[in-house]
Amino acid sequence: MLALRDDSKPVNVWWFYAPGVTPANNSVADQAALQAALTYAASFVNGRAVYIPKGIYLVSNSLVIGSNCHVFGDGAGETVLRGAAGAYA
């Protein structure tokens with residue numbers, strides 16, 4: 001699902017085209033979209049909140065969250081960040 005960018009609201013990971021809907025996601029696409037959203041939010045002087053919608057997002061590396069940002073989702077078990085197979089071996 002594509003979310004339209006609206007800078008009056010928290011930064012939405014879907015603005016950066018992360019699949020994040022089923023367990024069979026592409027870890028490269030999820031990683032890139034999550035980090036792009038975090039980097040974009042940190043680029044504002046006072047930072048921004050980053051919203052990660054319901055879904056399973058595969059990450060293969062550490063995510064860098066700016067000290068001026070916070071991250072939230074749709075709740076435990078709804079928004080899941082999961083290490084990609086073999087990513088942290």
Side-chain angles (χ1 to χ4, degrees):
M1 172 183 277
L2 177 63
L4 298 177
R5 190 171 292 194
D6 179 350
D7 282 333
S8 69
K9 297 181 179 179
V11 174
N12 186 324
V13 168
W14 284 358
W15 295 351
F16 300 89
Y17 311 111
V21 177
T22 65
N25 287 321
N26 179 327
S27 64
V28 173
D30 287 346
Q31 179 82 33
L34 288 162
Q35 191 58 64
L38 293 166
T39 301
Y40 179 72
S43 72
F44 289 83
V45 172
N46 293 321
R48 298 281 299 280
V50 176
Y51 168 60
I52 305 174
K54 177 180 177 178
I56 297 172
Y57 300 83
L58 300 178
V59 293
S60 55
N61 229 325
S62 299
L63 294 168
V64 178
I65 302 172
S67 62
N68 59 348
C69 301
H70 72 272
V71 179
F72 69 100
D74 287 320
E78 298 295 321
T79 299
V80 178
L81 300 182
R82 179 175 292 159
Y88 297 97

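Keep in mind it's a predicted model, so treat the numbers as computed, not measured. Here, residue 1 is the first one in the sequence, and each next residue gets the next number. Side-chain atoms are counted along with the backbone in the values below, which use heavy atoms only and exclude waters and symmetry mates.
A pairwise comparison of heavy atoms in F16 and A36 identifies CD2-CB, 3.6 Å as the closest pair. Minimum interatomic distance between A37 and V50 (heavy atoms only, all atoms of both residues): O-CG2, 3.9 Å.
Listed by chain and residue number, Q35 satisfy the side chain to side chain donor-acceptor pair (under 3.5 Å) test with T39 (two or more places apart in sequence, or in another chain).
Note that CG of L63 and CD1 of I52 are 7.5 Å apart. Values are rounded to the nearest 0.5 Å.
The shortest side-chain heavy-atom distance between L81 and L34 falls under the 4.5 Å cut-off.
Residues Y51 make up the rest of the hydrophobic cluster containing F72, defined by ILVMFWY side-chain heavy atoms closer than 4.5 Å, directly or through other members.
In this structure, D30 contributes its side chain and L58 its backbone to a donor-acceptor pair below 3.5 Å. Under a 3.5 Å cut-off, the side chain of E78 and the backbone N or O of G55 do not form any donor-acceptor pair.
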Side-chain donor/acceptor pairs under 3.5 Å, residues 41-49, sequence neighbours excluded:
from, atom 1, to, atom 2, distance (Å)
S43, OG, Y40, O, 2.6
R48, NH2, D7, O, 3.1
R48, NH2, K9, O, 2.2

